[in-house]
Amino acid sequence: MTASLVLAGADRSSPRRDARASAASIGLWVFMGVATALFSLFITAYVMRMNSSDAVSLALPWQLWLSTSLLVAGSVALEQARRAARAADSSRARRLLWAGGLFALMFLGAQLWAWQALWSAQVMPAGNPAGSFFYLLTAMHGLHLAGGLAAWAWIARAVRRRPAEAAWRIALCGRYWHFMLAVWLVLFALLAWVTPEVARFICGTA
């Protein structure tokens, strides 16, 4: 009799958990769509601004390569955490989840280090278009990643308290990290290779 009640409770909770996971997944897709539109507008504005006569190329600090490798490592760690959670290896999933968050924190630290390097080189936010957009784009990306870290901290706590929900929660966290990595790679390529000459070619004014 007791076993039947437990099974009945499990059957009722599973659809509820699936509904929560589905709603959270849809919400994340919508948020990523909005963020994609926002960053697309910034990218378009950057290309148009670099097409102006006063635009000059920006020598990017080497710290950006370090930060990129850290974000890649974080994305890989969360992907491995997702697979471990699906395999019901909760201990390994939690360790990898923590590793992904720590890599993201180090990414933000490396980004601030890059800012410091540019300040030391007298590249100010109000100096030239490339410098202004560098601070704007990296700050916007950093804010989105910081928001992801807040969600990561909540998920890490929830996974410890409710291991049965670990798989879908970690999967959502990993999806957002992959998205942040993709956005950063596009921004990094934009800042590194879209020079005034390239911008004029894109805008048809070369």
Side-chain angles (χ1 to χ4, degrees), residues 24-52 55-79 100-101 103-119 123-153 155 171-205:
S25 179
I26 292 172
L28 180 59
W29 280 119
V30 171
F31 178 80
M32 291 192 303
V34 173
T36 298
L38 176 65
F39 280 105
S40 297
L41 291 173
F42 282 130
I43 290 170
T44 302
Y46 176 81
V47 173
M48 294 177 65
R49 189 65 182 86
M50 289 297 287
N51 184 40
S52 61
V56 295
S57 299
L58 182 66
L60 298 180
W62 67 268
Q63 287 87 349
L64 293 186
W65 293 99
L66 172 62
S67 64
T68 301
S69 65
L70 289 169
L71 195 56
V72 169
S75 186
V76 170
L78 283 169
E79 176 61 24
F103 278 126
L105 283 171
M106 289 189 288
F107 167 83
L108 293 177
Q111 293 292 80
L112 292 175
W113 190 8
W115 276 32
Q116 183 182 32
L118 285 181
W119 276 83
V123 178
M124 303 300 175
N128 61 72
S132 300
F133 269 94
F134 174 87
Y135 289 109
L136 174 63
L137 293 173
T138 54
M140 288 299 300
H141 181 268
L143 286 173
H144 280 76
L145 192 60
L149 277 170
W152 164 82
I155 287 172
L172 292 181
C173 191
R175 184 194 301 172
Y176 187 70
W177 250 243
H178 302 335
F179 172 69
M180 285 285 93
L181 174 61
V183 170
W184 171 246
L185 292 176
V186 171
L187 295 180
F188 193 14
L190 180 79
L191 294 168
W193 294 310
V194 178
T195 62
E197 293 76 20
V198 173
R200 294 186 189 103
F201 175 80
I202 293 172
C203 296
T205 60

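- Contact of the Ser69 side chain with the Leu66 side chain is registered, since non-hydrogen atoms from C-beta on lie closer than 4.5 Å.
- Taking CZ from Phe39 and CG from Leu137, the interatomic distance works out to 7.5 Å, rounded to the nearest 0.5 Å.
- Under the 30°/60° scheme for interplanar angles, the aromatic rings of Tyr176 and Phe179 are found to be tilted.
- In this structure, Leu190 and Val47 have side chains that are in contact, with non-hydrogen atoms separated by less than 4.5 Å.
- Inter-residue side-chain proximity for Pro196 and Val56 is flagged as unmet; no heavy-atom pair is nearer than 4.5 Å.
- Looking at heavy atoms from C-beta onward, Leu185 lies in side-chain contact with Thr68 at the 4.5 angstrom threshold.
- At least one side-chain heavy atom of Leu60 sits under 4.5 Å from a side-chain heavy atom of Phe134.
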Please test Trp62 against Trp113 for ring-ring contact (aromatic ring centres under 6.0 Å, His included), starting from the C-alpha separation and ending with a verdict. CA-CA 10 Å; Trp62 67 268; Trp113 190 8; 5.0 Å; yes
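- Within a 6.0 Å radius of CE in Met124, other residues, nucleotides and ligands contribute more than 12 heavy atoms.
- When side chains are defined from C-beta on, Met32 counts as touching Arg175, because their heavy atoms get closer than 4.5 Å.
- Note: His141 and Phe107 have perpendicular aromatic rings, judged against thresholds of 30 and 60 degrees for the angle between ring planes.
- Note that the CZ atom of Phe42 and the CZ atom of Phe133 stand 8.0 Å from one another [nearest 0.5 Å].
- Counting heavy-atom neighbours within 6.0 Å of Trp193 CH2, excluding the residue itself, gives a total of 12 or less.
- Atom CG of Leu78 sits about 6.5 Å away from atom CH2 of Trp177, to the nearest 0.5 Å.
- For the residue pair Ser67 and Trp184, the shortest heavy atom distance occurs at OG-CZ2, 4.2 Å.
- Separating the NE2 atom in His144 from the CE atom in Met180 is a distance of 5.5 Å, to the nearest 0.5 Å.
- Note that the CG atom of Leu105 and the CG atom of Leu149 stand 5.0 Å from one another [nearest 0.5 Å].
- Nearest heavy atoms, Val123 versus Gly131: CG1-CA, 4.1 Å.
- Judged by distance alone, with hydrogens and angles left aside, the side-chain atoms of Ser75 form no donor-acceptor pair with the main-chain N or O of Val72 at under 3.5 Å.
- The shortest side-chain heavy-atom distance between Met50 and Cys203 does not fall under the 4.5 Å cut-off.
- Separation of atoms CG (Leu187) and CG (Leu64) is listed at 11.0 Å; rounding is to 0.5 Å.
- Side-chain contact between Leu145 and Trp152 is absent, with no heavy-atom pair separated by less than 4.5 Å.
- For Trp119 against Pro125, the heavy-atom pair with the smallest separation is CZ2-CD, 3.8 Å.
- Heavy atoms only, all atoms of each residue included: Phe103 and Leu70 are closest at CB-O, 3.5 Å.
- When all heavy atoms are compared, the tightest approach of Ser25 to Leu172 is CA-CD2, 3.7 Å.
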